[in-house]
> 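Dropping a structure here in structure tokens format, bear with me for questions.
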There are 2 protein chains.
Amino acid sequence: MIRHSILDKLPDALQEDVLETVKAMSLPQGKILFRAGEPCQGLPLVLRGTVKVQMTGAAGNSIVLYRMGKDDICTLSIGCLMTGYGYRAEALVEEASEAVMIPRGLFDRLMDQSAEFRLGVMESYGRRLDDLMLLVEEVAFRRMDERLDEWLQARTSPVLITHQELAVELGTAREVVSRLLKELERKGRVKLARGRIELTGL
Amino acid sequence: MIRHSILDKLPDALQEDVLETVKAMSLPQGKILFRAGEPCQGLPLVLRGTVKVQMTGAAGNSIVLYRMGKDDICTLSIGCLMTGYGYRAEALVEEASEAVMIPRGLFDRLMDQSAEFRLGVMESYGRRLDDLMLLVEEVAFRRMDERLDEWLQARTSPVLITHQELAVELGTAREVVSRLLKELERKGRVKLARGRIELTGL
DNA sequence: CCGCTTCAGTGATAAAGTCACACTGGACCG
DNA sequence: CGGTCCAGTGTGACTTTATCACTGAAGCGG
């Protein structure tokens, strides 16, 4: 069953067109949707689940750039599609997902014939750009302890994550996360266990 | 005279449409095209000159996100146009420029009626996204001395810039730039003067 | 030439990143 | 069921970067 907010708004003729062309893909957790350097096959639409997009530096350290969820569009792919250059980041399925791949030809047709589709794509682009600008500012200027705090506040206890994974979320080194967390534990703000952070209120 | 690569490709009817609607703006060096928080009036097309887009953190430190030059589109504006939220960054005219502002209605019409225009917009978006992803990686993982080196290598001696401006280019503090430059001078790689860096080979 | 403003240099200290290595909880295996 | 292994974690030592506070120097306008 293919349902995606951007497809729902299409006129019936185009919707049929889409349904004939694309096939839904099941993406198990851990699956890599694309890797850095790979060419782009089409525009993925996420039907359900979440996919994280991350980038790896020369020294092997990674940072999560943003996430895609239900009804999202992998806008990043459009650029690759247009220019023919490979992806610069990689996409990892976080929660088991379903997606469809819109090939180049169909994408052009949709852009041509549906103002709603165009709007959806533009909005998605705007959001990504915004996300990335915010991220640049965070990484360039904000203190790590603040960012860690914020990250923790935004979820519910207990958080099941390793220090290494958390380091990738924040774009820092594992040791830095370990030390900051230990400090928080000394202050009584969290309780640490292997792969698990319990938020013990204030 | 209004000439912009993305307009040149339009069919004659639309070109006339554009010429009737927009007026070229002269942007003197130092002029601020938009500030953070301001709402977006339309899509600026840069006809000539260069405009830098930068962002300022809470503590007052800034970083240059990217530049726009001749035939560029201020893609960032589209997102603001769509969502109605204000700009997150500010745009500063670096070299005296000329630009035209495409209002919302005309933008929609162009997107609707010209595949070339759409292609131009998509390409521009792709490039910005790419720029920003690269920047995130740089800021998050690369060493400042390397980045400074690279930045210097990419231009011709003498470079006329203050340490403060250079710090904004790299997204760091003025003192850091001063120290790194002094170090380079000790190594004989540059010669420093007020507002001026001479690259002495090697 | 004087006084002001902008630019640059630098010490002290704190935060963050890197490197190296020790320890440990738990899974798996014989 | 104890032993082995390994991902995950803790930590010391050191380097790099950021921040704060201040000094001095260059250039400009009068």
Side-chain angles (χ1 to χ4, degrees), chain A residues 30 55-64 135-152 158-198, chain B residues 30 55-63 135-152 158-199:
Chain A
M55 187 166 200
T56 299
N61 19 24
S62 301
I63 182 169
V64 173
L135 184 59
V136 168
E137 203 229 301
E138 284 238 325
V139 170
F141 301 130
R142 302 216 24 230
R143 291 189 37 165
M144 200 49 84
D145 51 357
E146 278 176 27
R147 293 178 56 208
L148 175 60
D149 256 35
E150 241 166 57
W151 194 94
L152 289 173
V159 186
L160 301 180
I161 193 172
T162 67
H163 297 184
Q164 177 57 57
E165 288 162 348
L166 190 34
V168 172
E169 291 293 323
L170 300 175
T172 182
R174 198 263 314 159
E175 295 92 317
V176 174
V177 171
S178 286
R179 273 192 256 262
L180 289 174
L181 282 174
K182 208 67 196 165
E183 184 58 28
L184 284 180
E185 192 177 43
R186 272 189 282 273
K187 288 183 192 160
R189 309 240 286 90
V190 301
K191 260 173 74 179
L192 300 177
R194 181 172 252 244
R196 181 190 154 94
I197 305 169
E198 203 177 321
Chain B
M55 187 167 201
T56 299
N61 20 23
S62 302
I63 183 169
L135 183 59
V136 168
E137 202 229 302
E138 283 239 326
V139 170
F141 300 129
R142 305 218 20 232
R143 293 191 37 167
M144 202 47 85
D145 52 357
E146 278 175 27
R147 291 178 57 209
L148 175 59
D149 255 37
E150 241 166 58
W151 193 94
L152 289 173
V159 186
L160 300 181
I161 193 173
T162 67
H163 297 184
Q164 178 57 56
E165 287 163 348
L166 191 34
V168 172
E169 291 294 323
L170 299 174
T172 182
R174 198 264 313 161
E175 297 92 317
V176 174
V177 170
S178 287
R179 274 192 254 261
L180 290 175
L181 282 174
K182 210 65 194 166
E183 185 57 30
L184 285 181
E185 192 176 43
R186 272 189 282 274
K187 288 183 192 159
R189 309 242 284 88
V190 300
K191 260 173 74 178
L192 301 177
R194 181 172 247 242
R196 178 190 158 96
I197 304 169
E198 203 177 322
L199 310 176

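Chain letters run A, B, ... following the sequence lines, proteins first and then strands; every chain starts at 1.
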> Rounding to a whole Å, what distance do you find between B:Ile197:CD1 and C:dC7:C1'?
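Going from CD1 in B:Ile197 over to C1' in C:dC7 covers 12 Å.
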
> For A:Ile63 and C:dG17, give me the distance from atom CD1 to atom P, rounded to whole Å.
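After rounding, the reported distance stands at 10 Å.
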
> Rounded to the nearest Å, what distance is computed from the CG atom of residue B:Leu181 to the C1' atom of nucleotide D:dT17?
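Roughly 15 Å, once rounded to whole Å.
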
> Starting the side chain at C-beta, find the nucleotide from D:dG10, C:dC7, C:dT18 nearest to A:Lys182.
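Minimum distance to the A:Lys182 side chain belongs to D:dG10.
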
> Could you tell me the separation between the CD atom of B:Gln164 and the P atom of D:dA18, rounded to a whole number of Å?
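To the nearest whole Å, that distance equals 13 Å.
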
> Distances for protein N/O vs nucleotides 24-29 of chain C N/O pairs under 3.5 angstrom?
unit_1, atom_1, unit_2, atom_2, d
C:dT24, O2, A:Arg194, NH2, 3.4

> Rounded to whole Å, please give me the gap between CG in A:Leu180 and P in C:dA15.
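In whole Å, C:dA15 P and A:Leu180 CG are 10 Å from each other.
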
> Do any side-chain nitrogens or oxygens of A:His163 fall under 4.0 Å of OP1 or OP2 in D:dG10?
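So the side chain of A:His163 is within the cut-off, an N or O lying under 4.0 Å from OP1 or OP2 of D:dG10.
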
> Under 3.5 Å, which N/O atoms of the protein pair with N/O atoms of nucleotides 20-23 of chain D?
unit_1, atom_1, unit_2, atom_2, d
D:dC20, N4, B:Glu175, OE2, 3.2

> Which residues, if any, of residues 143-151 of chain A bring a heavy atom under 4.0 Å of DNA chain D?
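Contacts with DNA chain D under 4.0 Å: none.
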
> For A:Ile63, run the side-chain contact (heavy atoms from CB on, under 4.5 Å) check against A:Leu170, A:Val139, A:Val168, A:Thr172 and tell me which one passes.
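Of the listed residues A:Leu170, A:Val139, A:Val168, A:Thr172, the side-chain contact (heavy atoms from CB on, under 4.5 Å) partner of A:Ile63 is A:Val139.
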
> Applying salt bridge (Lys or Arg N to Asp or Glu O under 4.0 Å) to A:Glu185 and A:Lys182, what does each step give before you reach the verdict?
CA-CA 5 Å; A:Glu185 192 177 43; A:Lys182 208 67 196 165; 2.8 Å; yes

> Does the side chain of A:Thr172 get closer than 4.0 angstrom to OP1 or OP2 of C:dG17 through an N or O atom?
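Answer yes for this pair, as a side-chain N or O of A:Thr172 is under 4.0 Å from OP1 or OP2.
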
